[in-house]
Protein chains: 2
Amino acid sequence: MANIQEIARLAGVSTATVSRVINRHPYVSDLTRERVLNIIEQLDYVPNSNAKSLKKGMTRIIGVIAVSYSTLLMSLIRSFHTIAQKYGFNVMLFMTNGNCDKELEALEMLRSKQLDALLCLLRTNEWDVIESYTKYGPIVTWQRLVSDTIPSVFMDQYQGYMLGLEYLYAKGYRKILNVYSSKGLNTLGRIRAYEDFIQKYGLKDKGFPQFHNKMTIRDGEEVARWWIKQADKPDAISCSTDEVAAGILTELRRAGFSVPDDVGIMGFDNTDIAHLLDLTTIHYPVDKQAENAFNIIKGMLEQAVPKLHSLEFNVVERRST
Amino acid sequence: MANIQEIARLAGVSTATVSRVINRHPYVSDLTRERVLNIIEQLDYVPNSNAKSLKKGMTRIIGVIAVSYSTLLMSLIRSFHTIAQKYGFNVMLFMTNGNCDKELEALEMLRSKQLDALLCLLRTNEWDVIESYTKYGPIVTWQRLVSDTIPSVFMDQYQGYMLGLEYLYAKGYRKILNVYSSKGLNTLGRIRAYEDFIQKYGLKDKGFPQFHNKMTIRDGEEVARWWIKQADKPDAISCSTDEVAAGILTELRRAGFSVPDDVGIMGFDNTDIAHLLDLTTIHYPVDKQAENAFNIIKGMLEQAVPKLHSLEFNVVERRST
DNA sequence: TTGTAAGCGTTATCAT
DNA sequence: ATGATAACGCTTACAA
């Protein structure tokens, strides 16, 4: 395969000049530039990335760690990929499936300089293990974490959930059922939001059961079947995810109920499915989080101060409430 | 960051010796090996992968191209990843979302030697575009393709589908409804199998409608609702995917019907959900396909003849038929 | 505007 | 069993 020396020889110039042409340096005469470009074209030459990486001390590849696939994660990854691309970085995805060793592999690749940085969406190893790798390159996370060495683009779910509850209150709903997802800091924040909410408006708890670990369409369908059977029904359901809301909505409609006439339904995340089914939901700026994550990484790589988006939740009002 | 020279200096040996220790060469005395390893440990040294890649002319990274996520693809990718790992290769995933440029990126990385090879699960660009990159490294595909330069681990769906139909016939089913997925060579093969099947057994076509583009749980639910409304019902449903079969099964049970007493249901792919719901299905050895794909790549890289698994469909009999 | 040459951190071929 | 040293293909001072 052709290399820079061969191009130089054939074009009758030095390798430095060829390098300048490739990297669009100024101070190359139009004539030589043209001649070099011609030879490059003829020989179907591409610079060897490994040589480049070795010389530059970086690969321009950023690793992204997640434990598994989900709609939300995928749109986050897509946004991250897009902005990384824009600045000439490639993205390498590590799906760990909860396997610590697979995550360690990614961390080791950071250590051995195959990766310039790591975005840790959902970790598997303990934080102190991950933290011990920060000396090899920037690591940024999406999870809730307060750390000097691992910046986070986490958003406090308390605020988002409260926003939704306030919205439902303003629309006149008073008997709200909460459907939570997996027990974690996020869910805890949401539970706290609901407690503060009923206190603030002097609402009594209606004694509805606590739905936990509900995150899929099928989970939503289950909740819907519960709702149908109740004598004293909630007048609104605030869901952990759009998927759950979607499951409830479609299952209720299938059973002949009307949304929002019989019950209001509110999703969370503003994913495609919420749009598709006209679900009111809480918009969560994952795209901006992704961009912030990238900008933080870029800032750390170039020791510059990154410009960040401010992150805010929004109610997206559609026709399910 | 420490490099091999520093280790050499500190250990009082040459870089060659350090390299030998790292790469587990024989002919290093136990004493020096120990001393070198000590220094390596102390300095937290790891060899720089870029230097290695440059020297060796390969990165030991294989790219995998797919257009989007699906259960089947994910288990294929997992198997591929596992065997690649075993031979010291890393895997870089490219989700193209049908974007030609994103796919080209992967191809370009092969060209610039950041990738040693490419497994193309689901292509986006035309085959001749992809084919033009085979000169830069091995490209193997999972799709149906007859080509000198791009080997394929494709399996003829005709056989698998026929196997399922024969099984249903043997169980006494005579009024079979087919639910196909997206129109492609695979579906065409299945349709052909069904035509040959009714001819072989002298069955008359029951005039059931043609279900096409059904591949999800929700599609299956739709089919189930169609089935419920029929006077002259099919006695078995042969599905394009386990997801569709799962949707039909659960929706029918929800409506009070019994499977397999009222109708037999057969999936395809033998994914987790088939196991979960006790669905009879056609096992499709994706793991072996993945291993074959890797072995072909490995063979091409080492110009050796790969050992391949023979690929066969199997009926996995469970309780839905 | 162009060329020379010194690295980047390894591995591998010869010597010894 | 160990050491010199020449690659691998590129970038970038520094010179001219």
Side-chain angles (χ1 to χ4, degrees), chain A residues 1-37 39-40 43-61 88 108-116 136-137, chain B residues 1-37 39-40 43-61 88 108-116 136-137:
Chain A
M1 195 101 313
N3 61 17
I4 204 172
Q5 319 223 28
E6 192 171 350
I7 305 294
R9 191 169 50 75
L10 261 42
V13 297
S14 72
T15 60
T17 302
V18 177
S19 177
R20 287 190 190 102
V21 171
I22 293 166
N23 296 294
R24 295 182 172 69
H25 274 276
Y27 306 128
V28 181
S29 76
D30 289 353
L31 216 81
T32 36
R33 188 202 320 287
E34 192 122 342
R35 203 167 59 235
V36 169
L37 285 176
I39 308 280
I40 286 179
L43 292 209
D44 188 31
Y45 163 79
V46 217
N48 178 314
S49 318
N50 294 127
K52 230 152 134 166
S53 298
L54 173 59
K55 183 67 201 177
K56 297 263 214 176
M58 61 189 303
T59 55
R60 298 194 86 78
I61 300 177
E108 280 297 326
M109 285 177 76
L110 179 68
R111 184 152 101 104
S112 70
K113 305 228 168 284
Q114 288 205 69
L115 259 27
D116 288 350
Y136 307 118
Chain B
M1 195 102 313
N3 60 17
I4 203 173
Q5 320 222 27
E6 193 170 348
I7 305 294
R9 191 170 49 76
L10 261 44
V13 296
S14 71
T15 59
T17 302
V18 177
S19 178
R20 287 190 190 101
V21 171
I22 293 166
N23 296 292
R24 296 185 171 67
H25 274 277
Y27 305 127
V28 180
S29 75
D30 290 354
L31 215 81
T32 37
R33 188 201 321 287
E34 193 123 341
R35 202 167 59 235
V36 170
L37 285 176
I39 308 280
I40 285 180
L43 292 209
D44 189 30
Y45 162 80
V46 218
N48 178 314
S49 317
N50 294 129
K52 228 151 133 168
S53 297
L54 172 59
K55 184 66 199 173
K56 296 259 211 180
M58 59 189 305
T59 55
R60 299 193 86 77
I61 300 177
E108 280 298 325
M109 285 177 75
L110 180 67
R111 185 152 100 103
S112 70
K113 304 224 169 289
Q114 289 206 69
L115 258 28
D116 288 349
Y136 307 118

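Nothing here was measured: the structure is a model prediction, and the numbers come from that model. So you know, we letter chains A, B, ... as the sequences are listed, proteins then strands, and number each from 1.
For B/V13, whose side chain is taken as the heavy atoms from C-beta onward, the closest listed nucleotide among C/dT10, D/dG3, D/dT11 is D/dG3. For B/N3, the listed nucleotide lying nearest its side chain is C/dT10; candidates were D/dT12, C/dT10, D/dC10. Side-chain atoms of A/S29 lie closest to C/dT1 of the nucleotides C/dT1, C/dA12, D/dC14. If you check D/dG3, D/dT12, C/dT10 against the side chain of A/K56, the one that comes closest is D/dT12.
Counting any heavy atom pair closer than 4.0 Å across all strands shown, B/V46 reaches sugar-phosphate atoms only and no base atom. Residue-level contact check: A/T32 touches the backbone only, with heavy atoms under 4.0 Å from sugar-phosphate atoms and none from bases.
The distance from atom CZ of A/R20 to atom C1' of D/dC10 is 13 Å, rounded to the nearest whole Å. The CG-C1' distance, from B/L54 to D/dA7, rounds to 9 Å in whole Å. Atoms CD (B/Q114) and P (D/dC8) sit 20 Å apart, rounded to a whole Å. The distance between atom CZ of B/R9 and atom P of C/dG9, rounded to the nearest whole Å, is 13 Å. Here C/dC8 presents its C1' atom at 15 Å from CD of B/E6, a figure rounded to the nearest Å. Put simply, CD1 on A/I7 is 13 Å from P on D/dT11, counting in whole angstrom units. In this structure, A/N23 places its CG atom 9 Å from C1' of D/dC10, rounding to the nearest Å. Atom CE of A/M58 is separated from atom C1' of D/dC10 by 16 Å (rounded to the nearest Å).
Judged purely by atom type and a 3.5 angstrom limit, B/R20 has no side-chain atom pairing as donor or acceptor with the backbone of B/H25. For A/N3 (side chain) and A/E6 (main-chain N/O), a donor-acceptor pair under 3.5 Å exists by modelled atom type.
Neither OP1 nor OP2 of D/dG3 sits under 4.0 Å from any side-chain N or O of B/T15. A sub-4.0 Å separation between OP1 or OP2 of C/dT16 and a side-chain N or O of B/Y27 is absent. When the side-chain nitrogen and oxygen atoms of B/S19 are compared with OP1 and OP2 of C/dT11, one or more of them lie within a distance under 4.0 Å. Residue B/N48 has no polar side-chain atom (N or O) positioned under 4.0 Å from OP1 or OP2 of C/dG9. The phosphate of C/dT1 has neither OP1 nor OP2 within less than 4.0 Å of any side-chain N or O from A/T17.
In terms of polar N and O atoms assigned as donor or acceptor, the side chain of B/K52 never comes within less than 3.5 Å of the base of C/dT10 in a complementary pairing. In the interface, the side chain of B/K55 is paired with the base of D/dA7 through a donor and an acceptor atom under 3.5 Å apart.
Residues A/P47 and A/K52 are in side-chain contact: their nearest non-hydrogen atoms beyond the backbone lie under 4.5 Å apart.
The 5' end of DNA chain D is approached more closely, in terms of each residue's nearest nucleotide, by B/D30 than by the other of A/N50 and B/D30. When each of A/I4 and B/P26 is assigned the nucleotide of DNA chain D with its nearest heavy atom, B/P26 is the one assigned upstream, toward the 5' end.
A/S53 and A/T59 form no side-chain donor-acceptor contact under 3.5 Å, judged by distance and modelled atom types alone.
Here the OH-CG distance, from B/Y45 to B/L10, works out to 13.0 Å after rounding to the nearest 0.5 Å.
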Working for side chain to side chain contact (heavy atoms under 4.5 Å, CB included), residues A/I61 and A/D116: CA-CA 6 Å; A/I61 300 177; A/D116 288 350; 6.0 Å; no
